[in-house]
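Data first, discussion second: the structure below is written as structure tokens.
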Amino acid sequence: MNFPVHTPMLHRVRCLLVALLLIFSSAASSQNSDLAVDVIVSPALAKVTLDRSLLRAVFTMRVREWPDGTPIRVFVLPDDNPLSDQFYRQRLGMYSYVLRRAWDRMVFTGTGFAPTVVRSEAEMVERVRSTPGAIGFVRKRETSSQNRPAPPRWKLLVLTADDHG
Amino acid sequence: MRVRLAVAIAAICCSGSASAVDYQIHGYAAQGFVLSSHNDFFGDSSDGSLDYYEAGINAAVRVQPNLSFAVQAAVRDAGISDDGSLRLDYAVADYRVLSEAGIQAGLRAGKVKNALGFYNETRDVVFTRPSILLPAVYSDNQNQRSLIFTSPGAQVYGATVMGLHELSFTGTLNAERDVRKNDERLLVELTVPFDLRVGDSWNIQIMDSIDGGRWQFAYSHFGGQFRMSTAPEIDLSGRFDVDLNVFSARFNAERVTITAEYVLVDNDNRLTFMGAPFLRQRVAADAGYLQVEYRLGSTWTVMTRLDSSYRDRHDRDGRDFAAANPGVDRRTQFSHDFTIGINWRPDQHWGFWAEHHWINGTAILQRLENPPPVRRQRWSMLMLMAGYKF
């Protein structure tokens with residue numbers, strides 16, 4: 001016997017399954033465990049010891065000035081950048097959505113500032129280098145120097161973007 | 001002229017950090033849609049209601065690392081419970097006394113936000129809510145904003161790190177204030193004209209955030225007193241003492257967030273007529289929910305929630321109330337809401353929400369929107385919302 005009504009139904013179920021698979025696969029690819037992240041700071045802050053507790057206090061925007069009195073200026077990449085996620089996990093032991101929740105709470109209650117979101121690692125390097133009291137993060141380089149960030153390696157950035165596309 | 005205006009807007013839409021004075025400008029706007037069966041919620045929703053929106057814009061200025069000022073103007077419309085008028089949401093001066101990695105403390109003064117549970121302070125910004133509608137713990141359909149959610153006062157705050165624990169404290173003293181006319185009629189039903197004021201009130205929140213926010217536990221308390229007065233020739237006055245205790249717990253994993261909150265509200269109502277005690281009523285209401293959020297990826301989140309509220313915790317099915325008030329439906333005394341929802345945030349500015357509520361009971365309805373008798377005990381509601389923030 002023929003049940004023509006089932007065909008579009010099956011099609012719909014198949015579409016739903018494909019959509020779910022896509023969602024899950026894109027979710028899985030957002031965790032890129034082989035990304036290593038470096039913290040970068042303004043040249044003048046070379047002597048500050050950045051342990052996890054200070055980094056957490058800085059990136060949750062709870063402290064506002066460095067020990068020498070310079071105002072802290074925090075730069076971050078967009079939340080959906082895999083590097084953001086990796087940095088928050090590796091160095092802060094936190095999830096990006098928990099940080100975003102804390103920032104939104106500050107912004108919409110008048111109790112604090114949100115970090116400045118930059119579009120790319122290149123912009124991150126430039127802003128951190130040129131802003132007194134700045135802190136941010138970039139992809140780790142083999143010969144990394146915490147205090148004197150070199151321009152990012154474009155080739156690597158492009159390759160990574162291809163991997164995700 | 002138009003170009004100049006565009007340049008000016010572009011200039012104020014970004015934060016400034018080049019000069020010594022830092023400032024930030026942020027805002028949000030969201031439009032909701034409610035379609036319900038049988039009962040009305042946030043407008044004439046049984047026919048589909050767009051009478052539900054929220055928007056706000058704020059500015060924050062840091063004149064020194066330890067001194068900042070912030071102000072937010074907001075509008076919100078939600079059926080009969082909010083009227084869309086422009087209001088000052090907060091206006092606060094913040095002086096940081098102590099600011100080290102391990103310990104921070106400071107003072108705030110002005111019109112401040114009261115910390116109650118996880119969501120109260122940013123309750124009108126959908127981007128900070130787990131769903132379009134907040135659970136009954138937050139009384140989203142009773143406009144109490146001018147009463148307890150934000151008010152003029154002074155606040156002391158502090159946080160310290162002890163091993164894996166980050167302990168934070170907020171304490172607020174609120175000055176006596178008037179209740180807006182629009183809110184008065186939602187709180188007290190009286191056939192003669194009256195005035196309602198909130199006396200001095202106080203609010204504290206203690207929070208323990210463990211291991212970078214993996215576990216969060218909070219206790220919040222609000223204590224206040226409402227005073228009602230009528231014209232001298234009527235000489236009816238009232239005093240309503242309110243104590244709110246909110247217990248909150250949250251577990252944040254990579255994909256899953258599980259949240260549970262419980263509020264216990266003690267009301268002690270006294271009415272005096274011609275100087276003599278006329279009515280004394282003590283009621284303990286409560287509400288609680290269990291909610292699970294699951295992040296499918298960086299842009300999609302689904303959630304589900306079981307949410308219950310009772311107007312009298314010693315009369316959960318409302319039978320005693322119905323017996324004492326002939327003609328009143330017992331089902332006005334509770335609500336059980338099962339919710340599923342989905343949220344899509346394609347980028348850092350936009351957000352879209354959809355959720356469905358299956359509800360038993362009508363305690364969360366506004367009487368003025370749903371004149372008695374109760375139309376239907378079991379009802380449901382579809383809510384949609386689209387929002388933008390910067």
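All chains are named by letter (A, B, ...) in the order of the sequence lines, taking the proteins before the strands, and each is independently numbered beginning at 1. The basis for the numbers below is simple: all heavy atoms, side chains too, and nothing from hydrogens, waters or symmetry mates.
- Ring centroids of A/Phe87 and A/Phe59 are separated by less than 6.0 Å, placing the two rings close together.
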Would B/Arg345 and A/Asp79 count as a salt bridge (charged side-chain N to carboxylate O under 4.0 Å, His left out) here? Give the steps.
CA-CA 11 Å; B/Arg345 299 198 196 181; A/Asp79 293 356; over 6 Å; no
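- The existence of a salt bridge linking B/Asp140 and B/Arg123 is confirmed by a sub-4.0 Å separation between a basic side-chain nitrogen and an acidic carboxylate oxygen.
- For B/Asn252, the parts lying under 4.5 angstrom from a heavy atom of chain A are both the backbone and the side chain.
- In the model, A/Tyr97 has a side-chain atom that pairs as donor or acceptor with a side-chain atom of B/Thr257 under 3.5 Å.
- Counting heavy-atom pairs under 4.5 Å between each of A/Leu99, A/Val58, A/Asp104, A/Thr109 and chain B puts A/Thr109 at the top.
- Taking 4.0 Å as the cut-off between side-chain N and carboxylate O, B/Arg96 and A/Glu65 do not count as a salt-bridged pair.
- When heavy atoms are compared at a cutoff of 4.5 Å, A/Tyr95 approaches chain B solely by way of its side chain, counted from C-beta outward.
- Residue B/Thr128 touches chain A through its side chain alone, counting heavy-atom pairs closer than 4.5 Å.
- Between B/Phe127 and B/Trp353, the ring planes lie perpendicular to each other; the angle is over 60°, past the 30° to 60° tilted range.
- The pair A/Arg91-A/Asp51 fails the salt-bridge criterion, with no side-chain N (NZ, NE, NH1 or NH2) lying under 4.0 Å from an Asp/Glu carboxylate O.
- Contacts from residues 152-163 of chain B to chain A, taken as heavy-atom pairs separated by less than 4.5 Å, involve B/Tyr157, B/Val161 in sequence order.
- Neither the backbone nor the side chain of A/Thr70 comes within contact range of chain B; no heavy atoms are under 4.5 Å apart.
- Of all the listed residues (A/Arg52, A/Met94, A/Arg62, A/Arg105), the one sharing the greatest number of non-hydrogen pairs under 4.5 Å with chain B is A/Arg62.
- In this structure, a donor-acceptor pair under 3.5 Å is present between the side chains of B/His165 and B/Asp208.
- Looking at B/Arg129 and B/Asp124, no side-chain N of the basic residue comes within less than 4.0 Å of a carboxylate O on the acidic one, giving no salt bridge.
- Residues B/Asn174 and B/Ser151 bring a donor and an acceptor atom of their side chains to less than 3.5 Å of each other.
- Cation-pi contact between B/Arg76 and B/Tyr53: absent, since separation from the ring centre below 6.0 Å together with deviation from the ring axis within 45° is not met.
- Considering only heavy-atom pairs separated by less than 4.5 Å from chain B, the leading option among A/Val98, A/Val117, A/Val107 is A/Val107.
- Looking at B/Ala253, only its backbone comes within 4.5 Å of chain A, counting heavy atoms on both sides.
- Here B/Arg255 does not pair with B/Glu293 in a salt bridge; the nearest charged N to carboxylate O distance is not below 4.0 Å.
- Of residues 101-115 of chain B, those residues lying under 4.5 Å from chain A by any heavy-atom pair are B/Ala101, B/Gln104, B/Arg108, B/Lys113.
- Looking at A/Ala114, both its backbone and its side chain come within 4.5 Å of chain B, counting heavy atoms on both sides.
- Aromatic pair B/Tyr388/B/His349: centroids less than 6.0 angstrom apart.
- If you measure heavy-atom distances from A/Leu54 to chain B, the contacts under 4.5 Å come from both the backbone and the side chain.
- B/Ser131 and B/Arg305 form a side-chain donor-acceptor contact under 3.5 Å, judged by distance and modelled atom types alone.
- Ring planes of B/Trp215 and B/Phe251: tilted class, angle from 30 to 60°.
- Neither the backbone nor the side chain of B/Asp347 comes within less than 4.5 Å of any heavy atom in chain A.
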